[in-house]
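Below is one structure, written out as structure tokens; the observations come after it.
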Amino acid sequence: MTALAKLIDTVGETARDLWRRGWAERNAGNLSYRLSPEDLSGTELGEEPWQELGAHLPDVAGKAFLLTATGSFFRNLEVRPGRGDETVQSRDLGVIEIDESGSRYRALWGYQGGGGPTSELPPHLRIHAARIRTDQQKDRAILHTHPTNLIALTYALPLTTHDLTRLLWEMHTECIVVFPMGCGFLDWRLPGSEEQARATEKVFEKRTLAVWEQHGAVAIGPDFKTAFGLIETAEKAAEIYLIAAALGPISCRLSTTQLTALAEKFGVEPDPEILGQGG
Ligand code: 13P
Ligand code: ZN
């Protein structure tokens with residue numbers, strides 16, 4: 001089994017988990033992974049024509065990425081261990097490389113049947129660029145999905161990064177430990193646009209998790225399980241908040257004192273601009 005096939009197995013498991021949670025309706029969501037040369041060893045690669053990125057991204061120049069195809073269904077990406085379906089994988093996934101100038105890409109593998117990478121290639125590449133530029137190169141796996149409760153919050157409440165992070169931290173003990181740098185909040189922007197990509201890139205210079213207003217969540221980690229865990233934890237807190245709010249006024253939340261104690265016990269350093277304010 002090649003290194004790429006092994007990685008695709010973890011993609012299948014992640015896609016299955018997302019779909020079963022109800023966060024990946026139809027073609028909702030997309031994912032990417034920054035590949036090392038070793039990840040591609042043993043895989044037969046082709047070379048499709050170069051295409052313009054429409055942006056100059058020197059931080060990802062010369063790098064290769066595995067990305068879901070636009071329109072692909074996470075439901076179809078499920079790969080049962082030992083029963084990989086090559087046809088599904090190479091239609092719904094592909095590998096691209098960025099040229100040495102950081103301005104063009106071409107497919108090296110997959111996207112069979114004329115497909116191409118996710119329509120949200122711009123935010124994916126810019127999130128990878130942000131992590132590389134800020135020397136957080138261990139982060140390779142990006143997940144974007146549509147978690148119901150987090151999205152509902154963005155319809156119900158006027159939010160900022162500070163307010164959303166406080167809400168999530170205060171409504172579930174795990175949150176400050178799992179995402180001490182907080183959850184970025186981004187106003188609605190057209191999915192896949194340069195505007196959305198640039199705003200998201202800025203957030204990921206500092207954080208590993210963000211919510212796109214009226215759209216979904218996006219997270220990065222060293223692997224897909226870590227990125228999944230970030231979204232899962234934030235989504236749980238959002239669910240607790242919505243259930244508690246439905247029962248009546250929320251009567252208690254974790255205080256700054258409690259949050260500080262949690263951070264100390266678990267050895268994390270929360271964003272001081274967020275922990276320093278609030279109740
Ligand atoms: P793609 O099918 O192009 O990846 O789009 C899915 C999505 O969730 C857009 O926000
Ligand atoms: Zn989406």
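Counting starts at 1 for both ligands and their atoms, in listed order. Only this structure's heavy atoms are used, side chains among them; waters, hydrogens and symmetry mates stay out.
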Ring centers of His124, Phe65 separated by less than 6.0 Å: no
I need the full list of ring-ring contact (aromatic ring centres under 6.0 Å, His included) pairs touching residues 7-29, with sequence neighbours left out, sorted by first then second residue. Trp23-Phe228
Pocket residues of ligand 1, ordered first by chain and then by residue number (heavy-atom cut-off under 4.0 Å): Asn27, Ala28, Gly29, Asn30, Thr70, Gly71, Thr118, Ser119, Glu120, His144, His146, His215
Distance-only check: which donor-acceptor pairs under 3.5 Å involve side-chain atoms of residues 48-59, not counting sequence neighbours?
residue, atom, partner, partner atom, Å
His56, ND1, Ser101, O, 3.1
His56, ND1, Ser103, OG, 3.4
Asp59, OD2, Arg133, NH1, 2.7

Note: NE2(His144)-the Zn ion (ligand 2)-NE2(His146) angle, rounded to 10 degrees, equals 100°
Are more than 12 heavy atoms, taken from residues, nucleotides or ligands other than Lys202, located less than 6.0 Å from that residue's NZ atom? no
Taking atom types as modelled and ignoring hydrogens, do the side chains of Arg189 and Gln196 form a donor-acceptor contact shorter than 3.5 angstrom? no
With a cutoff of under 4.5 Å between side-chain heavy atoms, which Ile, Leu, Val, Met, Phe, Trp and Tyr residues group with Leu247? none
